[in-house]
Amino acid sequence: MKEFLKKANQFLLLTEELLNKKGFKKKEIAEELDMASPAFSSLYRTVLPELAKIDISSEDLHKEVKACFELVNNLSMKKITSSISRMNEILENLKNDSKKQIPIANIFQSLQKQSELSFEYIKENVCGLWDCFYYSSNKDMVKAEPLWIRPNYKHKTIEVLKGNKNNTLSYSGTAYLAGSHTLTIQLVETNVKLEETVMMYLSMPFASDINFMRGIFLALSYARQPIARRVVFKKVADSCDDLFYNDIETKYNLQDDNFEIMQYLIDKSSMIQNVQLLNPTFDEKDLLKEMKLLKQLNKA
């Protein structure tokens, strides 16, 4: 019985590592062990912690171990004691399986959950038609592009459209809250074979009716190099429809009522980008080359 207690403690430590460090869920571990989820939960939450309290030098270990299993009604002491070595082996394999260390499915499940939790707040306070202002490196000026944030009631998610049929490029995606007052937007380019992913992080004011936001826009430049720039959202209307949205033109020659936005976005500090180097050495020397080239571009 002493050997069983040592292996039970090892099982507890392995389970905690898989749950807390490797990103596994209790249901996934139970499936690997061929156990019902309630039985695994009883073992992990009730029996194993009590077994860990037993003094291994006790005179009647069998009685004390039996008492731990009697705390639950869905586990067989005989079955667990006879299979603990095999169970530990399974957990060790899971721990060392690099493919399982960060389950990809968990990432998408987490995004889905975030989107669902954010749905009501964004629907009530953010959804509508927006002007999306940012500096266009292609046109070398600030532009205002139509952007539509709308609820999908069927899936309880938020849909986002950026650009329309009047734009060379258009994007679609989703929005959710990252923290209490940061709106995260993920978009992919539409109607292309190689989709470009765009990320936006927007700071929202502490208000119930949000009409203005600012943030960071992450994408690829026309040279297919990473670029980060400031972005400003200004609300146009609380609602919209497809016909109206697709008739909106992107604005380049902005009027004086957007003067502050233009000054904010054309400042050199509003953009960070990588540039393509000729004959790169692919080492630290490239950093100085890139800095020199960026300074030349900023002066132009």
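- Note: K162 NZ to L187 CG = 7.5 Å, rounded to the nearest 0.5 Å.
- Annotation: cation-pi geometry not satisfied between R229 and Y134 (NZ/CZ under 6.0 angstrom from ring centroid, within 45° of ring axis).
- Interatomic distance, CZ of F40 versus CG of L75, reported as 10.5 Å (0.5 Å rounding).
- One side chain, D286 or T281, offers a donor N or O that lies under 3.5 Å from an acceptor on the other.
- A donor-acceptor contact shorter than 3.5 Å links the side chain of N20 to the backbone of E16.
- Across H181 and Y121, no two heavy atoms sit closer than the pair NE2-OH, 3.9 Å.
- When every heavy atom of L14 is checked against every heavy atom of N88, the shortest pair comes out as CD1-O, 3.9 Å.
- Side-chain atoms of N152 and T157 form no donor-acceptor pair, as typed in the model, at a separation below 3.5 Å.
- More than 12 heavy atoms of other residues, nucleotides or ligands sit less than 6.0 Å from atom CG of L71.
- I227 and S221 make their closest contact through CG2-N, 3.7 Å (heavy atoms, listed as atom of the first residue, atom of the second, distance).
- One N or O on the side chain of N164 and one on the backbone of Y245 form a donor-acceptor pair closer than 3.5 Å.
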Item to check | Worked verdict on I90 versus N93 for side-chain contact (heavy atoms from CB on, under 4.5 Å) | outcome: CA-CA 5 Å; I90 291 172; N93 289 336; 5.6 Å; no
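- Closest heavy-atom contact between C68 and V47: O-CG2, 3.8 Å.
- Summarising the geometry, atom CZ belonging to F233 is positioned 11.0 Å from atom CZ belonging to F133; distances are rounded to the nearest 0.5 Å.
- Side-chain polar atoms of S58 and E64 form a donor-acceptor pair below 3.5 angstrom.
- Judged by distance alone, with hydrogens and angles left aside, the side-chain atoms of K2 form no donor-acceptor pair with the main-chain N or O of L61 at under 3.5 Å.
- Annotation: side chain of V232 is not in contact with side chain of M213 (no heavy-atom distance under 4.5 Å).
- Between the side chain of N166 and the main chain of T250, no donor-acceptor pair closer than 3.5 Å is present.
- Other residues, nucleotides and ligands contribute more than 12 heavy atoms inside 6.0 Å of the NZ atom of K165.
- Between the S83 side chain and the K79 main chain, a donor and an acceptor come within less than 3.5 Å of each other.
- A distance of 6.0 Å separates CG in D238 from CG in D209, rounded to the nearest 0.5 Å.
- There is no side-chain donor-acceptor pair under 3.5 Å between N258 and K251.
- Between the side chain of T46 and the backbone N or O of L43 there is no donor-acceptor pair closer than 3.5 Å.
- Using modelled atom types, one finds no donor on one side chain facing an acceptor on the other under 3.5 Å when comparing K26 with S37.
- Residues K25 and E28 are not paired through a salt bridge, judged by the lack of any N-O separation under 4.0 Å between the basic side chain and the carboxylate.
- A donor atom on one side chain and an acceptor atom on the other are found under 3.5 Å apart for S170 and T190.
- Side chains of L177 and M204 form a contact here, defined as non-hydrogen atoms less than 4.5 Å apart.
- Note on R86 versus D34: no salt bridge recorded, every NZ/NE/NH1/NH2 to OD/OE distance being 4.0 Å or above.
- Taking the side chain as every heavy atom from C-beta outward, Y264 and F259 never approach each other to under 4.5 Å.
- Closest of all the heavy-atom pairs between L129 and W148 is N-CD1, 4.5 Å.
- Summarising the geometry, atom CD belonging to E159 is positioned 8.0 Å from atom OG1 belonging to T174; distances are rounded to the nearest 0.5 Å.
- Interatomic distance, E145 CD to L161 CG, rounded to the nearest 0.5 Å: 11.5 Å.
- Around atom NZ of K156, no more than 12 heavy atoms belonging to other residues, nucleotides or ligands sit under 6.0 Å away.
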